Amino acid sequence: MDTHTGTISKSGLNVLKPEDNFRFFCHNTLDCFTRCCHDTTIFLTPYDIIRIKTALGVSSGEFLHKYTVTLIGDLGLPIVVLKMNDDKQKSCPFVTPDGCTIYQDRPWSCRIYPLQPETTKITERAGKKYYSIMNIPFCRGLSEDKVVTVTEWKKEQGIPVYEEMEQLIKKITMSELFSSQKIVNKKIQEMYYMACYDLDRFRRFVFESKFLQLFETDPETVEKMKYDDLELYRFAMKWLEYGLLGQHVLKLKPEVIKAKKEQLRFK
Ligand code: SF4
Ligand code: SF4
């Protein structure tokens, strides 16, 4: 029996479309159970961090400090990775012999496995999604008999809300701006890190600085942002679109524009 259907691409990779299927069944009687939760690189999305820090009942700052390391990616923007424990097996901080202690809120990459996205900017912009199967030799789940389509798997694993949230940040990372230049400015990197990953700090920035005196904001949204992380995240992404891409998704108050013009006149 084949392990999966799909199309062989030019690179020789078996590429799966949403309707294609693959064999996979992960369960706790397999001898590889939790082996994949050791010595692995798990990139965290902004939505992963909202889910996990809420599940743990800690602030974004505490979570980032205790559980993550930050790298700078190809675009020059910060990327957050889950920090494995400093033990012999480099265990994930959330793994136990009984499984994942944050299972309901586990990261996107733990959910989507064994699929991995095979997208490019072109397929992404066309709204097409392709996947391949990760080749992990010790993973017994790939030899089980259960067959599932890509769409079924994503639904079963609660992926749609993660994709919806990821679209907001992709408006920035997929921008043409980054095909020609890499961010090297530390202040911009810091601004991006705060808006994407350290939402509790971004909340303080909005409410404890002059921010709300500068920008036109809808009072209902402002009220929600005080306690609703998703509302705050949506706003943070707009702020990045405004600040990084120059999109007119936020508006300065007329009196602020007038004062700036006056300032320029007297320079
Ligand atoms: S079947 Fe694969 S995913 Fe499941 S525990 Fe084993 S190695 Fe991990
Ligand atoms: S977060 Fe959970 S599922 Fe993901 S590697 Fe850690 S223990 Fe495993």
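Ligands are counted one by one from 1 in listed order, and the atoms in each one are counted from 1 as well. Treat the numbers as computed from the prediction; the structure is a model and nothing was measured.
- At a cut-off of 3.5 Å, with distance as the only test, a side-chain donor of S60 or D198 sits close to an acceptor on the other residue.
- Atoms of ligand 2 found under 4.0 Å from any heavy atom of F94, numbered from 1 in the order shown, are 7 (S).
- By the 30° and 60° cut-offs, the orientation of the rings of F22 relative to W153 is perpendicular.
- The ligand atoms of ligand 2 that sit less than 4.0 angstrom from a heavy atom of V95 are 7 (S).
- Residue C92: an N/O/S atom is found under 2.8 Å from atom 6 (Fe) of ligand 2.
- Around atom 2 (Fe) of ligand 1, the protein atoms of type N, O or S found under 2.8 Å away are C139 SG, listed by chain and number.
- Using cut-offs of 30° and 60° on the angle between ring planes, the pair F63 and F94 is parallel.
- Each of the following atoms of ligand 1 lies closer than 4.0 Å to a heavy atom of T34: 5 (S).
- Two rings, from W108 and F43, have their centers 6.0 Å or more apart.
- Residues R111 and R106 share a closest heavy-atom pair of NE-O, 2.9 Å.
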Residues K154, E163; criterion salt bridge (Lys or Arg N to Asp or Glu O under 4.0 Å); working and verdict: CA-CA 10 Å; K154 283 170 61 178; E163 287 185 339; 2.9 Å; yes

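- When the options F235, F211, F215 are evaluated for a ring pair (Phe, Tyr, Trp, His ring centres under 6.0 Å) with Y242, the one that passes is F215.
- Looking only at protein heavy atoms, the nearest one to atom 8 (Fe) of ligand 2 is C37 SG, 2.3 Å.
- Looking only at heavy atoms of the protein, atom 1 (S) of ligand 2 is closest to P107 CD, 3.5 Å.
- Atom 5 (S) of ligand 2 has I42 CD1, 3.4 Å as its closest protein atom, hydrogens excluded (heavy atom only).
- With hydrogens and angles left out, the side-chain atoms of E19 and T149 include no donor and acceptor closer than 3.5 Å.
- For D229 against L199, the heavy-atom pair with the smallest separation is O-CD1, 3.4 Å.
- The single protein non-hydrogen atom nearest to atom 4 (Fe) of ligand 2 is C110 SG, 2.4 Å, given as residue, atom name and distance.
- Close placement of the W239 and F205 rings is indicated, their centers lying within 6.0 Å of each other.
- Nearest protein neighbour of atom 2 (Fe) of ligand 2, counting heavy atoms only, is C100 SG, 2.4 Å.
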